[in-house]
Number of protein chains: 2
Amino acid sequence: MPAAKDPRPCSIADTLALVGEKYSLLVLREVCLGNGRFDQLVRNIGAPRDVLATRLKRLVDVGVLEKTAYSEKPLRHEYRPTPAGLDLEPVLVTLKEWGDRHLNPESPPMVLEHVCGHELVPRVVCSECGDEIRHDDLTAHPQTPGWTVAGPAVA
Amino acid sequence: MPAAKDPRPCSIADTLALVGEKYSLLVLREVCLGNGRFDQLVRNIGAPRDVLATRLKRLVDVGVLEKTAYSEKPLRHEYRPTPAGLDLEPVLVTLKEWGDRHLNPESPPMVLEHVCGHELVPRVVCSECGDEIRHDDLTAHPQTPGWTVAGPAVA
DNA sequence: TCGCCTAGTTTGTTTTTCCAACTCACTCGG
DNA sequence: CCGAGTGAGTTGGAAAAACAAACTAGGCGA
């Protein structure tokens, strides 16, 4: 039997196990902005250099970043997002949106311009009906025997 | 003058400062699922009890959770999401989507059913044009003097 | 009264973080 | 050729968190 103390199987937990450590998502932010060099990351994120080195190794290992040479001759590297890393941009964008709304309501520290010409205000919608998702519109169905949920809800 | 070592001002960083610590988003997941009692949280998340107690205090302080009595007479409490907490569901949903795609591609550990009758597959779109956001469709404009970005990008 | 439940708190140990300083390979100016 | 500078990290030691297990405290129910 599965030891009674295992946590709930969950893709959110699985994802956070890869990119949920302190600074990891900020690394991804900078790398998506095009600032993939070690010293840029140190400055722009404000993380200790050793921690950053550890995070970068991990992010490369799990496949969201890759390390590429931008110069031979002094051999120098930079980090870039892989396709899987770019797939995390929606997470960054939704985190940004929440912070813009709840923490910096007067003026966002960064504006994203969408190719359509407008300032990006992201919405998370159901791909089937296109409606914006709302808590009460969701019902959760755990797929693992032994696990239930209490109310209607997300996650 | 602002000490030259401050990190980039950023709503993503601000948001993660509130809910980015280990277990915080998992607490929110459980609470959104309706499992707001302390011992449920311990079991479903697998966090040490003292850490969980610390996180819960913090999440209440920053206003994403509230502690309410579900019974007088044995006085007992449970945690519930505030409106600001529910606003974080898009973050949970996008994290889940990434994990379902990249880590559990054969079968998600949890299925969310949308009120429209379909299994929820969330998309992050531009509220203006409705197009799904793609990295190359974004241009970042920092609003703080002294900060730039390198390439076109997100965050 | 004994034992059990919920909701934590305490204690002592193991990991991480953090910071500053240091390394190493290479280039450039004089 | 020498010394300074840059990029990309390592290293060492102190401080802070995380961890696991045991313990507390109020109320119940039998």
Side-chain angles (χ1 to χ4, degrees), chain A residues 3-7 13 16-28 30-31 33-62 65-81 148 150, chain B residues 3-7 13 16-28 30-31 33-62 65-80 148 150-151:
Chain A
K5 61 194 261 305
D6 293 344
L16 289 174
L18 303 191
V19 299
E21 290 167 301
K22 200 171 177 184
Y23 306 120
S24 289
L25 286 172
L26 299 183
V27 169
L28 200 67
E30 286 302 317
V31 164
L33 286 170
N35 302 321
R37 304 185 192 179
F38 190 84
D39 280 23
Q40 287 178 322
L41 293 170
V42 169
R43 277 190 291 281
N44 296 357
I45 295 173
R49 308 173 77 83
D50 58 341
V51 175
L52 201 48
T54 306
R55 295 291 178 276
L56 286 167
K57 280 190 198 83
R58 183 100 218 282
L59 292 171
V60 170
D61 279 355
V62 305
L65 295 187
E66 59 184 1
K67 190 178 185 177
T68 64
Y70 67 87
S71 145
E72 324 284 329
K73 298 296 298 148
L75 183 53
R76 300 248 176 283
H77 298 98
E78 89 186 310
Y79 295 88
R80 307 180 132 279
T148 58
Chain B
K5 60 194 260 304
D6 294 343
L16 289 174
L18 303 190
V19 299
E21 290 167 302
K22 199 171 180 184
Y23 304 122
S24 289
L25 287 171
L26 299 182
V27 169
L28 199 69
E30 286 302 315
V31 164
L33 286 169
N35 302 319
R37 303 185 192 179
F38 191 85
D39 279 23
Q40 287 178 321
L41 293 169
V42 169
R43 276 190 292 279
N44 295 357
I45 294 172
R49 308 174 76 83
D50 59 339
V51 176
L52 200 48
T54 305
R55 294 292 177 276
L56 287 167
K57 281 190 197 82
R58 184 99 216 282
L59 292 171
V60 170
D61 280 354
V62 303
L65 294 187
E66 59 184 0
K67 189 179 184 177
T68 64
Y70 67 86
S71 146
E72 324 284 330
K73 297 297 298 147
L75 183 54
R76 301 244 177 284
H77 298 97
E78 87 186 313
Y79 295 90
R80 305 180 134 280
T148 57

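Side chains are part of it too, since the values below use all heavy atoms of this structure and drop only hydrogens, waters and symmetry mates. A, B, ... follow the sequence lines: proteins, then strands. Residue 1 opens every chain.
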Subject >> Presence of salt bridge, B/Glu78 and B/Arg76, under 4.0 angstrom >> reply: no
[X] vs [N]: side-chain N/O to OP1/OP2 distance below 4.0 Å:
X       : N      : value
B/Lys57 : C/dA7  : no
A/Tyr79 : D/dG9  : yes
B/Arg37 : C/dC5  : no
A/Lys22 : C/dC18 : yes
B/Tyr23 : D/dA17 : no
B/Arg43 : C/dA7  : no

How long is the line joining [atom1] of [X] and [atom2] of [N], in whole Å?
X       : N      : atom1 : atom2 : answer
B/Glu21 : C/dT16 : CD    : P     : 17 Å
A/Leu75 : D/dG7  : CG    : C1'   : 10 Å
A/Arg58 : C/dT17 : CZ    : P     : 11 Å
A/Leu56 : D/dG7  : CG    : C1'   : 14 Å
B/His77 : C/dA7  : NE2   : P     : 9 Å
B/Asp39 : C/dC4  : CG    : C1'   : 12 Å
A/Arg55 : D/dG9  : CZ    : P     : 15 Å

Does some side-chain heavy atom of [Y] sit less than 4.5 Å from a side-chain heavy atom of [X]?
X       : Y       : result
A/Leu16 : B/Leu25 : yes
A/Glu30 : A/Ile45 : yes
B/Leu65 : B/Leu28 : yes

**OP:** Tell whether B/Asp50 reaches the base of D/dC19 with its side chain through a donor-acceptor pair below 3.5 angstrom.
**Re:** yes
Original post:
Under 3.5 Å, is there a donor-acceptor pair between the side chain of B/Arg49 and the main chain of B/Phe38?
Top reply: no
Among [options], which nucleotide has an atom closest to any side-chain atom of [X]?
X       : options                : value
A/Tyr70 : D/dA18, C/dT17, D/dG7  : D/dG7
A/Pro48 : C/dC18, D/dG26, D/dC19 : C/dC18
A/Pro74 : C/dC26, C/dG8, D/dA8   : C/dC26

Original post:
For DNA chain C, whose closest nucleotide is more 5', that of B/Glu78 or that of A/Arg49?
Top reply: B/Glu78
